[in-house]
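A, B, ... follow the sequence lines: proteins, then strands. Residue 1 opens every chain.
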There are 2 protein chains.
Amino acid sequence: MLQHPTVDQISLPHVLAVLGDQTRLAILGDLARRGDEPLACAEFKLLGSKSNLSYHFAKLREAGVIRVEPCGTKRLISLRRDDLNARFPGLLDSILATAITLPPPEKRIEQAV
Amino acid sequence: MLQHPTVDQISLPHVLAVLGDQTRLAILGDLARRGDEPLACAEFKLLGSKSNLSYHFAKLREAGVIRVEPCGTKRLISLRRDDLNARFPGLLDSILATAITLPPPEKRIEQAV
DNA sequence: TCAAAAGTTCAATGGATTTTGAACCAAAGG
DNA sequence: CCTTTGGTTCAAAATCCATTGAACTTTTGA
């Protein structure tokens with residue numbers, strides 16, 4: 001079982017620190033653009049190497065921003081939208097409004113074949 | 001003249017990265033609690049040493065979160081509330097709502113005589 | 001039973017951030 | 001002037017973060 005913080009364990013400094021990163025903001029943007037549908041890690045591969053993404057997913061999960069649930073050999077990533085709204089009303093929406101418009105990090109451009 | 005980014009130069013990743021820090025969030029909390037009244041640097045001295053605060057103020061200013069204006073031998077710090085609201089509607093308010101409730105970093109407790 | 005698929009973990013690296021104290025600067029007042 | 005007040009700058013030290021590649025685990029399907 002993967003460790004996720006409960007709603008009241010989610011801390012603002014932690015969330016902000018974790019979201020102050022291009023790659024993680026791009027992950028959020030992708031999730032939001034896909035309508036909050038859970039996505040497998042592999043869907044984000046243009047954003048970095050497998051091991052690097054694994055690292056970023058762990059950061060987001062530990063901060064309470066995403067939920068990660070095993071599903072067969074995959075892991076499904078989803079936004080903890082309701083939990084974040086409950087804890088910090090308005091925060092996620094205002095961030096997503098901009099995140100979905102953000103140009104993806106260099107990586108995606110270089111690696112896109 | 002101190003360099004401040006214009007409204008459209010303010011970037012979300014930059015703002016989030018800068019606010020993902022206890023000390024800087026505490027500075028924001030103090031500003032908000034005082035009703036957005038401009039405060040001199042010295043008003044924040046319980047949050048750190050002079051040189052350390054100077055470093056944090058520069059970070060906040062460069063990210064477009066605060067304005068710093070010389071006034072005699074002092075420098076007045078103020079929130080760029082209108083600019084941030086224009087650029088990222090709802091973001092600042094949702095952060096401040098929590099920031100004003102945040103327990104101050106250790107420093108303030110240790111140093112408070 | 002085996003191999004492929006999907007991710008994780010680890011140690012190593014390089015880079016960025018934070019903190020400190022000492023030296024410095026500039027405005028205001030006596 | 002000269003001193004105080006209020007802050008800045010600098011270099012050094014200490015942390016912390018992101019990225020990589022190689023080795024590993026787990027689940028599933030043939």
Side-chain angles (χ1 to χ4, degrees), chain A residues 1-4 11 13-28 30 38-63 65-78 104-111, chain B residues 1-4 11 13-28 30 38-63 65-78 104-111:
Chain A
M1 256 310 170
L2 283 165
Q3 270 297 113
H4 291 79
S11 107
H14 196 177
V15 168
L16 294 179
V18 154
L19 293 185
D21 174 278
Q22 300 269 155
T23 303
R24 293 189 291 253
L25 226 34
I27 290 173
L28 233 50
D30 279 3
L39 298 178
C41 301
E43 299 280 333
F44 301 90
K45 61 169 169 266
L46 296 181
L47 297 176
S49 66
K50 261 162 54 152
S51 64
N52 189 214
L53 281 175
S54 189
Y55 165 78
H56 287 302
F57 290 137
K59 286 271 169 185
L60 287 165
R61 174 178 51 78
E62 286 158 14
V65 176
I66 63 174
R67 194 174 294 284
V68 183
E69 27 181 1
C71 173
T73 91
K74 306 187 177 185
R75 288 189 174 193
L76 294 180
I77 310 292
S78 53
E106 305 299 306
K107 285 260 167 51
R108 185 177 279 175
I109 295 154
E110 287 163 15
Q111 294 187 1
Chain B
M1 257 311 167
L2 283 166
Q3 271 297 115
H4 291 79
S11 107
H14 196 175
V15 167
L16 294 179
V18 154
L19 293 185
D21 174 278
Q22 300 268 154
T23 303
R24 293 189 290 254
L25 225 33
I27 290 172
L28 233 51
D30 278 2
L39 298 178
C41 302
E43 299 280 334
F44 301 89
K45 61 169 170 266
L46 295 181
L47 296 177
S49 67
K50 260 163 52 154
S51 63
N52 190 216
L53 281 176
S54 190
Y55 165 77
H56 287 301
F57 289 137
K59 286 273 170 183
L60 287 165
R61 173 176 52 78
E62 286 158 14
V65 176
I66 63 174
R67 193 175 295 283
V68 183
E69 28 180 359
C71 172
T73 91
K74 305 187 177 183
R75 288 189 175 193
L76 295 180
I77 311 292
S78 52
E106 305 299 305
K107 284 257 167 52
R108 183 179 280 175
I109 295 155
E110 287 162 16
Q111 293 187 0

Q: Check the pair B:D30, B:E43 against side-chain contact (heavy atoms from CB on, under 4.5 Å), reporting the backbone distance first and the verdict last.
A: CA-CA 9 Å; B:D30 278 2; B:E43 299 280 334; over 6 Å; no

To the nearest angstrom, how far is [X] atom [atom1] from [N] atom [atom2]?
X: A:L39; N: C:dA6; atom1: CG; atom2: P; result: 14 Å
X: A:L53; N: D:dC17; atom1: CG; atom2: P; result: 19 Å
X: A:K50; N: D:dG21; atom1: NZ; atom2: P; result: 13 Å
X: B:K59; N: C:dT19; atom1: NZ; atom2: C1'; result: 13 Å
X: A:N52; N: C:dT8; atom1: CG; atom2: P; result: 12 Å
X: A:F44; N: C:dA6; atom1: CZ; atom2: P; result: 15 Å
X: A:E69; N: D:dT27; atom1: CD; atom2: C1'; result: 16 Å
X: A:K74; N: C:dA4; atom1: NZ; atom2: P; result: 18 Å

**Q.** Residues A:H4, A:V68; criterion side-chain contact (heavy atoms from CB on, under 4.5 Å); working and verdict
**A.** CA-CA 8 Å; A:H4 291 79; A:V68 183; 4.2 Å; yes

Q | N/O (side chain, A:H56) to phosphate O (OP1/OP2, D:dT19) under 4.0 Å | A | yes

Q: Kindly say if A:R75 contacts the phosphate of C:dT8, meaning a side-chain N or O under 4.0 Å from OP1 or OP2.
A: yes

Q) Between D:dA18, D:dT9, D:dG21, which one does the side chain of A:D21 approach most closely? A) D:dA18

(Q) Which nucleotide wins on minimum distance to the side chain of A:S51, given the candidates D:dG7, D:dT20, C:dT20? (A) D:dT20

Q: Give B:A58 one of three labels, base, sugar-phosphate or nothing, depending on what nucleic acid heavy atoms sit under 4.0 Å from its own.
A: nothing

Q) Do the non-hydrogen side-chain atoms of A:L19 and A:L60 ever get within less than 4.5 Å of each other? A) yes

Q) Does A:R24 use its side chain to pair, donor to acceptor, with the backbone of A:H56 at less than 3.5 Å? A) no

Q: Return the 5'-most residue of the pair B:T73, B:Y55 with respect to DNA chain D, ranking by each residue's nearest nucleotide.
A: B:T73

Q | Straight-line distance of B:L16 CG to A:L16 CG, nearest 0.5 Å | A | 6.0 Å

